[in-house]
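For reference, the structure is listed below as C-alpha cells.
Letters A, B, ... are given to chains in the order of the sequence lines, protein chains preceding strands, and every chain is numbered from 1.
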Amino acid sequence: MALRLYDTKTASTRDFEPLEPGRVSLYYCGATVQGRPHVGHVRSAVAFDLLIRWLEASGYDVLSVRNVTDIDDKILEKSEASYGADYLPSADYPAEEPWFALAYRFEQAFHEAYDALGVRRPRCEPRATGHMTEMFELMRRLIDAGHAYPASDGSGDVYFDVRSWPQYGELTRQSVEDMQDAPDADPRGKRDPRDFALWKGHKEGDPESASWDSPWGRGRPGWHLECSAMSTKYLGSTFDIHGGGLDLRFPHHENELAQSAAAGDGFARFWLHNGMVTYEGEKMSKSVGNTISPQEMLEQARPKAVRYFLGQAHYRSQLDYRPGALQEAEAAVERVESFLDRALPESFSLRPQRHLPDAFREAMDDDLNVPAALAALHEAVRAGNTALDAGDSAAAEERGLEVAAMMSVLGLLEVPEPDLSSGPAAAALETLIEAQLAERAEAKSAKDFASADAIRDRLTAAGVQIEDTPAGATWSLTKGGA
RNA sequence: GGUGGGGUGGCCGAGUGGCGAGGCAGCGGCCUGCAAAGCCGUAUACGCGGGUUCGAUUCCCGUCCCCACCUCCA
C-alpha cells in the first residue's frame with residue numbers, strides 16, 4: 001500500500017506521488033516570533049516532524065522548509081509597548097527591546113521548545129526579513145498581470161486584487177460574496193474590502209529599521225507574501241506539500257494560493273493542515289486564560305511523554321488537553337520503555353525498513369494514522385512481554401527490534417531526557433542505592449522480610465522504585481526523576 | 001449568514017455494513033514471602049428519531065448539540 005494523504009484543497013484523501021521521484025519538497029508554516037511558543041505551535045511541529053520521518057522511512061529524500069516570520073504588526077507592537085510610559089516588565093517581556101531583538105529572542109525560544117521535544121530542524125529555515133527582493137519580484141509579477149495594485153490613497157500600501165482572481169476562495173471553498181464582513185472593514189485605498197496587503201507602506205512612528213525601500217515606496221511586507229516568495233524560491237514554482245495549522249487555512253493559505261497562482265506558479269500540490277489543541281474542549285486562548293505552555297507540560301512530565309501526548313491523536317483531529325492527560329501518556333511510554341529495557345541487549349542495530357510491522361506501515365500510509373500505528377506498537381509490546389514471560393528471549397528481542405523501529409519512526413526513541421545517568425551525583429546515588437539493595441537481598445535470603453520491606457519502603461518514599469526480577473532487584477527513579 | 005469538522009464504553013482515541021483497535025483507569029485471576037512489573041480474563045460503546053438492509057455504530061433522511069474558520073493565530 002502506498003502513502004495516501006488528505007489534501008485540504010480537494011477535501012479528499014489521495015495517493016501521494018512526489019513531483020520528482022524519490023524526492024519530496026515540503027514547506028510548512030512556522031511561527032510569528034512575537035512571544036513564547038504555545039502548545040499549538042509544538043503540536044504542529046510534532047505533526048510535520050512525524051510526516052517527515054515517515055516520508056524518510058518510506059525512502060524519500062525530503063527537502064523541508066519552515067519559515068520564521070520575524071516582521072509583523074504584533075512584533076512591532078510588543079516592542080513598541082516595551083518603550084511605552086505604562087510598560088510593566090514581565091517574564092516574557094522583561095526589558096525595553098528593539099523589534100528585531102525581540103523577534104530573535106523568541107525565535108530561539110521556539111528552537112528550545114522544538115529541540116526539547118525531539119522535533120528535528122527543517123533543512124532550511126528562512127526568515128521573512130531576508131527575502132525582500134524575492135517579494136518585490138512576486139509583487140512585480142502580480143502587478144504586471146493585473147492582479148495587484150498600489151493603494152489609491154498614497155499610503156504606500158500594495159494590495160492583491162481579489163476581484164481580479166475568480167478562483168479566490170478555492171482552498172476553503174468559500175465565495176467572496178458569502179464572506180462575513182470584517183469588523184474592522186477599513187477600505188482605505190482598497191478596491192474591495194477583501195483585498196489584502198502585499199506591502200504595507202511605512203507609517204509615521206514605525207521604526208526606520210522596520211522598513212525597506214521597495215519600487216512602491218518604503219514599507220514592510222504583508223504577512224502572506226513571504227510564504228509565497230520563500231516557498232517557491234527554495235522548492236520551485238510547484239512543490240509537493242504545503243502545511244500548517246488548520247487556522248492558517250484562511251486567510252493565510254488562501255491568500256498565499258491566490259498570490260502564487262495569480263502570478264502563474266503551480267504552487268503546492270497537497271495542502272495538509274493539523275488540528276487545533278483544545279483545553280477541555282475549548283480552543284486555548286490567552287484571553288480566556290485556558291492555556292498550558294510547553295514549558296508547563298515539561299514540568300509535569302518527561303519530554304518523551306509530552307511528545308507522545310502531542311502525537312497520539314490523529315494529526316487532523318482536535319487534540320484535547322485535560323489535567324492528567326500527560327500522566328496517562330507517561331504511563332504508556334514507560335510501559336514501552338520497560339519492555340525495551342528487558343527485551344533488547346545493550347547495543348543493537350536498528351533497521352526500520354526491516355523491522356516495521358505491516359500493520360504499522362499500513363496505518364502510517366493511511367494519512368498518518370498514528371492512533372492505529374500506536375495500536376500496532378502496543379500489540380508488539382504485549383507480544384514481546386508474553387515472550388519474555390515464557391523465557392523466549394529470541395522472540396522477545398525480535399519484538400523489541402520492532403518496537404524500537406516504530407518508536408524511532410515516531411520520533412520517540414531519541415527524545416532528549418534530563419541527564420540522570422552520569423556525573424558525580426548520579427554515581428553517588430547509584431552507589432548508595434546499590435548498597436541498600438545488597439542489604440535488602442541479604443535480609444530477604446535470611447527470610448527477614450520486615451527488614452527487607454523497610455528498605456524498600458524507604459527507597460520508595462525517596463522516589464526510587466524497586467522491581468524484583470529473577471536476575472535480582474532493579475531500581476528506577478519515579479516521576480521523571482524530578 | 002457562509003465554509004468545514006465532530007458527537008464511540010469511567011477518560012482519551014481509531015475504525016468498520018455482520019467476527020467489540022489501542023492506551024489510561026477499574027475489577028477478578030496467575031506470578032510474587034508481600035509488592036512492583038508482566039501475563040490472562042473482564043464492559044447491555046457508538047447523540048436522538050425515522051428509513052434502506054437478512055443485518056447499521058458504519059449508508060440515506062430528519063433532528064439536537066459541540067467545535068473550528070470567515071479578524072491576528074499552529
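When distances run from any side-chain atom of Ala375(A) to the nucleotides A14(B), C72(B), G22(B), the shortest one goes to G22(B). The listed nucleotides are C69(B), C39(B), A74(B); the one nearest the side chain of Thr386(A) is C39(B). Comparing A14(B), A68(B), A36(B) by their closest approach to the side chain of Glu467(A) singles out A36(B). Checking C12(B), A14(B), G23(B) against the side-chain heavy atoms of Ala332(A) singles out G23(B) as nearest. For Ala313(A), the listed nucleotide lying nearest its side chain is G13(B); candidates were A74(B), G13(B), C40(B). Of the candidate nucleotides A74(B), C12(B), C69(B), C12(B) has the atom lying nearest to any side-chain atom of Arg322(A). Checked against A68(B), G38(B), G2(B), the side chain of Glu282(A) finds its nearest nucleotide in A68(B). Of the candidate nucleotides G38(B), G23(B), A74(B), A74(B) has the atom nearest to the side chain of Asp247(A). Side-chain atoms of Arg382(A) lie closest to C40(B) of the nucleotides C40(B), G38(B), A36(B).
Each of Gly244(A) and His314(A) has a nearest nucleotide on RNA chain B; the 5'-most of these lies closest to His314(A).
Exactly one of Leu51(A), Leu272(A), Leu235(A) qualifies for a side chain to side chain contact (heavy atoms under 4.5 Å, CB included) with Leu26(A). That residue is Leu51(A).
Annotation: side-chain hydrogen bond (donor to acceptor under 3.5 Å, both in side chains) contacts of His355(A) (sequence neighbours excluded): none. Residues that satisfy the salt bridge (Lys or Arg N to Asp or Glu O under 4.0 Å) test with Asp206(A), not counting sequence neighbours, are absent from this structure. Residues satisfying the side-chain hydrogen bond (donor to acceptor under 3.5 Å, both in side chains) test with Asp49(A), not counting sequence neighbours, are Arg53(A), Arg307(A).
The distance between atom CZ of Arg249(A) and atom C1' of C67(B), rounded to the nearest whole Å, is 12 Å. The separation between Asp320(A) atom CG and A68(B) atom C1' is 13 Å, rounded to whole Å. Rounded to an integer number of Å, the gap from Gln327(A) CD to C11(B) P is 18 Å. Rounded to a whole Å, the CD atom of Gln312(A) is 11 Å from the P atom of C12(B). Regarding Asp468(A), its CG atom lies at a distance of 8 Å from the C1' atom of A36(B), rounded to whole Å. Across the protein-nucleic acid pair, Glu177(A) atom CD and C70(B) atom P stand 19 Å apart, rounded to whole Å. Here the C1' atom of nucleotide C72(B) and the CD1 atom of Ile71(A) are 15 Å apart, to the nearest Å. Atom CG of Leu377(A) and atom P of G22(B) are 13 Å apart (whole Å).
For G47(B) and G7(B), the P atoms lie 7 Å apart once the distance is rounded to whole Å. Look at the P atom in both C59(B) and C72(B): the space between them is 37 Å, to the nearest Å. Nucleotides A68(B) and G13(B) have their P atoms positioned 15 Å apart, rounded to a whole Å. Atom name P, nucleotides G5(B) and C60(B): the rounded distance is 13 Å, in whole Å. Between C12(B) and C64(B), the two P atoms lie 25 Å apart (nearest whole Å). Only the C1' atoms considered, U52(B) is 16 Å distant from G18(B), to the nearest whole Å. As rounded to the nearest Å, G9(B) and U58(B) have P atoms that lie 15 Å from one another. Using atom C1' as the reference point in both G22(B) and A14(B), the two lie 8 Å apart (nearest Å).
The aromatic rings of Phe270(A) and Phe16(A) sit perpendicular, their planes meeting at an angle over 60°, well past the 30° parallel limit. Using a 30° and 60° split on the angle between ring planes, His242(A) and Phe267(A) fall in the tilted class, from 30° to 60°.
If you check every strand for non-hydrogen atoms under 4.0 Å, Asn369(A) touches sugar and phosphate atoms only. Base engagement by Gln174(A) is indicated by at least one non-hydrogen atom pair under 4.0 Å involving a base atom. Counting any heavy atom pair closer than 4.0 Å across all strands shown, Val39(A) reaches no nucleic acid atom. Gly40(A) comes within 4.0 angstrom of a base, heavy atoms only. Nucleic acid contact for Gly275(A): base, since at least one base atom lies under 4.0 Å from a heavy atom of the residue. In this structure, Arg43(A) reaches neither bases nor backbone, as no heavy-atom distance under 4.0 Å exists between it and the strands shown. Counting non-hydrogen atoms under 4.0 angstrom, Ser317(A) reaches the backbone sugars and phosphates but no base.
Between the side chains of Asp7(A) and Thr10(A), a donor-acceptor pair is found at a separation under 3.5 Å. Inspection of the Glu254(A) and Thr172(A) side chains reveals an N or O donor paired with an N or O acceptor under 3.5 Å. Remark: the Asp72(A) side chain and the Thr32(A) side chain contain no N/O donor-acceptor pair separated by less than 3.5 Å. Remark: the Arg456(A) side chain and the Gln436(A) side chain contain no N/O donor-acceptor pair separated by less than 3.5 Å. Under the 3.5 Å distance criterion, with hydrogens and angles disregarded, a donor-acceptor pair is assigned to the side chains of Ser44(A) and Asn274(A).
Regarding contacts with the backbone of A74(B), a side-chain N or O of His41(A) is found under 4.0 angstrom from either OP1 or OP2. At C39(B), one or more side-chain N or O atoms of Arg335(A) fall inside 4.0 Å of OP1 or OP2 (strictly under the cut-off). Regarding contacts with the backbone of C39(B), a side-chain N or O of Asn385(A) is found under 4.0 angstrom from either OP1 or OP2.
In this structure, Trp165(A) CH2 and Glu170(A) CD are separated by 7.5 Å, a value rounded to the nearest 0.5 Å.
Taking 4.0 Å as the cut-off between side-chain N and carboxylate O, Glu328(A) and Arg322(A) count as a salt-bridged pair.
Contacts of residues 105-122 of chain A with RNA chain B (heavy atom under 4.0 Å): none. Taking every heavy atom of residues 446-466 of chain A and every atom of RNA chain B, pairs under 4.0 Å involve Phe449(A), Asp453(A), Arg456(A), Gln465(A), Ile466(A), by number.
Within the cation-pi definition used here (under 6.0 Å to the ring centroid, within 45° of the axis), Arg194(A) does not qualify as a partner of Tyr168(A).
With hydrogens and angles ignored, no donor-acceptor pair under 3.5 angstrom links the side chain of His273(A) to the base of A74(B).
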Please evaluate residues Glu337(A) and Arg342(A) with respect to the criterion salt bridge (charged side-chain N to carboxylate O under 4.0 Å, His left out), reporting the C-alpha separation (whole Å), side-chain torsions for both, the decisive distance (0.1 Å), and the verdict. CA-CA 9 Å; Glu337(A) 289 194 319; Arg342(A) 296 199 297 153; over 6 Å; no
Would you write out the dot-bracket form of RNA chain B, 5' to 3', with Watson-Crick and G-U pairs under 3.5 Å, [ ] for crossing pairs, | for pairs to other strands and . for unpaired bases? (((((((..(((.....[...))).(((((.......)))))....(((((..]....))))))))))))....
